[in-house]
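Below is one structure, written out as structure tokens; the observations come after it.
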Amino acid sequence: MGRTQRLRQRRAPKDTTHPVDHELDSLHVLYAHLNCLGWRNTTQLSALHFPQTGRGLCSKRQRLRPGNELIRLPANCLISIATLEADDQFRALFNKDLFDKDARISFQALVACYLMHQQHLHETSQQSTLGAYLDTLPRSYTMPYFCAMSELQCLPEALLERTVGQNRQIREYYQIIKTLVGTQHCECCGQLYCQDIWTLAEYKRAYFAVNSRSVYLNPRQLKPARCHFQSLLSGDTNMALAPFLDLFNHSDSVQTTAELSPNGKGQDYVLTLDTAAKSELQPYEQLFISYGALPNLKLLTDYGFYLERNAHDFFEFSLSDIEQLIAQNRKLAAQTYHRNIFKFIREHNLYDQMFVHIDDGCSHNLRVVLHLIFKQQAYFPNVLNQIAFGDVAQFDDVQPELSYLVAHKISEYQGFVKALNQLPQLTESGVVARSYLLECVRYLSDFESSVHCQSNE
Ligand SMILES: C[S@@+](CC[C@H](N)C(=O)[O-])C[C@H]1O[C@@H](n2cnc3c(N)ncnc32)[C@H](O)[C@@H]1O
């Protein structure tokens, strides 16, 4: 055994593993490719498999502290609007004369097309400039969007709503892309674009690759003065894919900043660690970045994972949750309610932001809505003034109803978990969704216990 290998064996902690061979190969090709583009891996980052998160990044040699740069990637390594605009072959697929102001797509949807375009070049002629990057992308994703139909039937409304929204959006964009590009044949293989190459299944995968791996950019940065795609796009070109940098996983206990910074010749995309739970991160310890102050529902539906005891989590209720509670709870069902109370709440948008937070308690809107439904005795000509300007304490009398609502939700989510457990098998997305539901049950149970602890104090 050589000296390097002995050192490696000594240093790598037992609970991490190196990526498997084919992944290692593609990562090496990517290092080399980025190196040619000017990336110097000054923090000696390396990809490993970590038991909690799967593939992620650590530094092999450096100890990193808040204030240190995590990575400095030359801007020409990013896949941004500048990359798409500079690619003649890709631009030629989109005939400007066919752009329609009533049928636009997001920049994210266009970048997904670019990934498919490069993937096809990579597969058919090995001529993609992004081949090295494409080979490092995950082969599958774990958002509920990719759940089997039988699993979707066991998921709560809040998850389904988002998944259905994503599906609507993806299909709308795909239809527009089909109209623009679909009937063209590929020059190198003769196949029809949307029928054979950019299939809907491929598009979905590419869409979520971009959704879960892109970094934010100021919309004016890296955008050429003349933009072929301008009148096709519905929003800003405020994101980019960042090869290798997109191997950082997310944590709620770090703060990081990202900025484009001049480097003498051009610009670098620099990620800096601002704060972390520890004052120093050791070699081989996983390095995390922050994707934002995101609750678990968003992490699950957009990124396909959730965090246990996520500091940014909260649990949101809908008005129909309260309607269902009334229908199912004998005591509440026996009560009489104002005939138009739900209409009134809907008309005045009082049902927005009805949530509980483990430290902050019940949100103002949820308290007000529970009060209006369960406590307001007379009709309320002046109730909106009271809500906006009145004494908040007057809405404090809803603790029993809040407890019923939380208990109702816990039992509903336990029911969904049970239904998932009864399926003969689960997809990867189904497994992640089931553990997310259990985390929600844990969150709500802890919320309920903390409320009781407070009232006993
Ligand atoms: C930008 S990528 C990060 C690298 C990714 N793990 C990989 O191997 O390609 C984002 C994806 O990583 C995963 N991820 C990020 N943070 C995570 C975490 N804290 N726990 C589990 N998975 C995480 C999710 O699948 C997410 O969609």
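For ligands, and for the atoms within them, numbers begin at 1 and follow the listed sequence.
The ring of Phe317 has its center no closer than 6.0 angstrom to the ring center of Phe355.
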**Message:** Working note: Tyr145 + Tyr141, criterion ring-ring contact (aromatic ring centres under 6.0 Å, His included); need CA distance, chi angles, decisive distance, verdict.
**Reply:** CA-CA 9 Å; Tyr145 186 84; Tyr141 294 89; over 10 Å; no
**Request:** Could you walk me through whether Thr256 and Thr272 pass side-chain contact (heavy atoms from CB on, under 4.5 Å), step by step?
**Result:** CA-CA 5 Å; Thr256 45; Thr272 306; over 6 Å; no
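Ring geometry, Phe90 versus Tyr114: the interplanar angle exceeds 60°, so the pair is classed perpendicular (tilted spans 30 to 60°). Using bins of under 30°, 30° to 60° and over 60° for the plane-to-plane angle, the ring pair Tyr203/Tyr174 lands in the tilted bin.
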Hey, what polar pairs (N/O, under 3.5 Å) does ligand 1 make with protein?
residue: ligand 1; atom: 6 (N); partner: Arg55; partner atom: O; Å: 2.9
residue: ligand 1; atom: 6 (N); partner: Asn249; partner atom: OD1; Å: 2.8
residue: ligand 1; atom: 8 (O); partner: Arg55; partner atom: NE; Å: 2.7
residue: ligand 1; atom: 8 (O); partner: Arg55; partner atom: NH2; Å: 3.3
residue: ligand 1; atom: 9 (O); partner: Arg55; partner atom: NH2; Å: 2.8
residue: ligand 1; atom: 9 (O); partner: Arg213; partner atom: NH1; Å: 3.0
residue: ligand 1; atom: 9 (O); partner: Arg213; partner atom: NH2; Å: 2.8
residue: ligand 1; atom: 12 (O); partner: Asn249; partner atom: OD1; Å: 3.2
residue: ligand 1; atom: 14 (N); partner: Asn249; partner atom: OD1; Å: 3.1
residue: ligand 1; atom: 16 (N); partner: Asn249; partner atom: OD1; Å: 3.4
residue: ligand 1; atom: 16 (N); partner: His250; partner atom: N; Å: 2.9
residue: ligand 1; atom: 19 (N); partner: His250; partner atom: O; Å: 2.8
residue: ligand 1; atom: 25 (O); partner: Tyr303; partner atom: O; Å: 3.4
residue: ligand 1; atom: 27 (O); partner: Tyr303; partner atom: O; Å: 2.6

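By the neighbour-count criterion of 12 heavy atoms within 6.0 Å, atom CZ of Arg63 is sparsely surrounded, having that number or fewer from other residues, nucleotides or ligands.
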